[in-house]
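A short worksheet on the structure shown next.
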Amino acid sequence: METILIPTDFSEEATYAVKIATAIAQKTNASIRLLHVIQSVYAYEYNEGSPLLPDNAQDRLSRQIIQAEEKALDVVKDIERQGVKVEYDVQVGSTAKHISNIIAENSGVDMIVMGTKGDTGVHEMFIGSRTEKVVRYATCPVLSVRSHSDGFQLRNVVLATDFSDEIEPLLQKIKDLQDVFEFYLHIVYVNTPINYDTTFNIEERMKNFLEKYELQSYKTVVINEYSQADGINRYAERLQADMIVMVTHGRVGMSYMLDGSIAGEVVNHASIPVLTYNIHE
């Protein structure tokens, strides 16, 4: 692993993400790139140096950038004390857009780690959030973090799959992490009433999947549950797993709204980090 990108708003959840990303970087000898993006209706004018940018907006953005850089430097110092190489970047505009630009310019970005508020008990905060947009558009795995973890470790990891080949791009990442962290992999299939399949069909698909991808240190689990997200989260909770891994689809617009997001539901309610990889359609 070369580079871990951490988009941050300096919130409590973002602090958790920094700690976990740092722990992963220590284990994998990766470097960290910290990104803070300031949202502004004048982002285009500011970035293009337009004379149409009002003076008061220019002054306000300049102050915000100075404050953000001061906060970023504090985070950088904490990461460097852990023996990890780190650089930071403060931009104005859209978080998702700047992340896409960084990945396009630097093919060495292997993972994005960022905080999310998850389910507050009143609103489903992940859907429509910056983290959700990044998960939906990113071209590399995204690790969503919503709670504090003392001494981040990976001992038991849940891999949620339907045994289709669409997960193939993510499997090498899983193997690389397993080589470093030596975790045990729980390969989970959730059988629901809407997408019901017979035991024999599931076992045949499972057999073909395992023979093809030659995974190590694993067990397979088939769960009958009303929804896939509930099945994944309930199993992970009972296991006291350290991370959930799954693919998601880069649907946008009406198709996204109609299909919903299993990954979004999992991230919203999971108390542990969730690693997602976007299958762009």
Side-chain angles (χ1 to χ4, degrees), residues 13 16-17 20 112-138 141-147 149 154 156-167 169-171 173-174 185-197 199 201-202 205-206 209 218-281:
E13 291 81 12
Y16 301 156
I20 287 178
I112 297 169
V113 182
M114 61 189 302
T116 183
K117 291 187 181 299
D119 184 1
T120 63
V122 180
H123 299 291
E124 302 293 284
M125 295 299 294
F126 178 77
I127 304 300
S129 69
R130 283 182 231 176
T131 307
E132 184 267 334
K133 289 182 177 67
V134 171
V135 166
R136 191 146 40 107
Y137 290 103
V142 179
L143 186 62
S144 302
V145 179
R146 59 170 291 207
S147 60
S149 175
L154 292 179
N156 289 285
V157 172
V158 173
L159 170 62
T161 179
D162 60 1
F163 303 117
S164 66
D165 289 333
E166 66 179 11
I167 201 172
L170 182 57
L171 289 178
K173 300 287 186 183
I174 296 170
L185 192 63
H186 299 253
I187 304 172
V188 175
Y189 177 90
V190 181
N191 201 25
T192 67
I194 294 177
N195 296 299
Y196 174 78
D197 204 351
T199 298
N201 285 343
I202 295 171
R205 288 158 56 200
M206 182 190 303
F209 178 87
Y218 69 85
K219 67 178 291 188
T220 56
V221 182
V222 177
I223 298 171
N224 295 305
E225 185 56 87
Y226 287 108
S227 83
Q228 290 172 305
D230 285 347
I232 295 164
N233 277 329
R234 290 181 69 180
Y235 179 80
E237 183 178 353
R238 186 177 69 179
L239 177 67
Q240 295 184 321
D242 302 296
M243 185 170 71
I244 297 169
V245 181
M246 60 191 302
V247 297
T248 184
H249 297 85
R251 299 186 178 95
V252 296
M254 186 57 69
S255 63
Y256 176 77
M257 295 299 292
L258 292 174
D259 182 74
S261 170
I262 297 169
E265 286 296 311
V266 171
V267 173
N268 229 345
H269 297 94
S271 59
I272 59 176
V274 180
L275 182 67
T276 55
Y277 183 80
N278 201 331
I279 306 299
H280 292 270
E281 298 179 338

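The analysis underlying the following values was restricted to heavy atoms, covering all of them including side chains, and did not include hydrogens, waters or symmetry mates. Computed from a predicted structure; not experimentally measured.
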What distance do Met246 atom CE and Leu275 atom CG have between them, rounded to the nearest 0.5 Å? 11.0 Å

Roughly how far, to the nearest 0.5 Å, is the CD1 atom of Ile244 from the CG atom of Asn156? 12.0 Å

Determine whether Leu143 and Met243 make a side-chain contact, defined as any pair of heavy atoms from C-beta on separated by less than 4.5 Å. yes

If you round to the nearest 0.5 Å, how far is OG of Ser144 from CD1 of Ile112? 9.5 Å

Step-by-step side-chain contact (heavy atoms from CB on, under 4.5 Å) determination, Leu159 to Leu171: CA-CA 10 Å; Leu159 170 62; Leu171 289 178; 4.1 Å; yes

Tyr277 side chain reached by Lys173 side chain, heavy atoms, under 4.5 Å: no

Look up atom OG1 in Thr199 and atom CE in Met206, then write down how far apart they are to the nearest 0.5 Å. 9.5 Å

Exercise: identify the closest heavy-atom pair between Leu170 and Pro141: CD1-CG, 4.2 Å

Give me the one residue out of Asn233, Val266, Ile262 that meets side chain to side chain contact (heavy atoms under 4.5 Å, CB included) with Gln228. Ile262

Taking every non-hydrogen atom, the tightest pair across Val113 and Ala17: CG1-O, 3.5 Å

Yes or no on side-chain contact (heavy atoms from CB on, under 4.5 Å) for Arg205 and Asp162, after CA distance, side-chain angles and deciding distance? CA-CA 8 Å; Arg205 288 158 56 200; Asp162 60 1; 4.0 Å; yes

Looking only at heavy atoms, which two atoms of Ile167 and Ala160 are closest? And how far apart? CD1-O, 4.2 Å

Reported CG-to-CG distance for the pair Asp197 and Asn191, which is rounded to 0.5 angstrom: 6.5 Å

Tightest non-hydrogen contact, residues Ile223 and Gly231, listed as CD1-O, 3.8 Å

Which heavy atom of Thr192 sits nearest to which heavy atom of Ser227, and what is that distance? CG2-C, 3.8 Å

Would the distance check show the side chain of Asp242 and the main-chain N or O of Val157 forming a donor-acceptor pair, the cut-off being under 3.5 Å? no

All side chain to side chain donor-acceptor pair (under 3.5 Å) counterparts of Glu225, not counting sequence neighbours: Arg234

Interatomic distance, Arg146 atom CZ to Glu13 atom CD [nearest 0.5 angstrom]: 9.0 Å

For Phe163, check ring-ring contact (aromatic ring centres under 6.0 Å, His included) against everything at least two apart and list the hits. Tyr189, Phe209

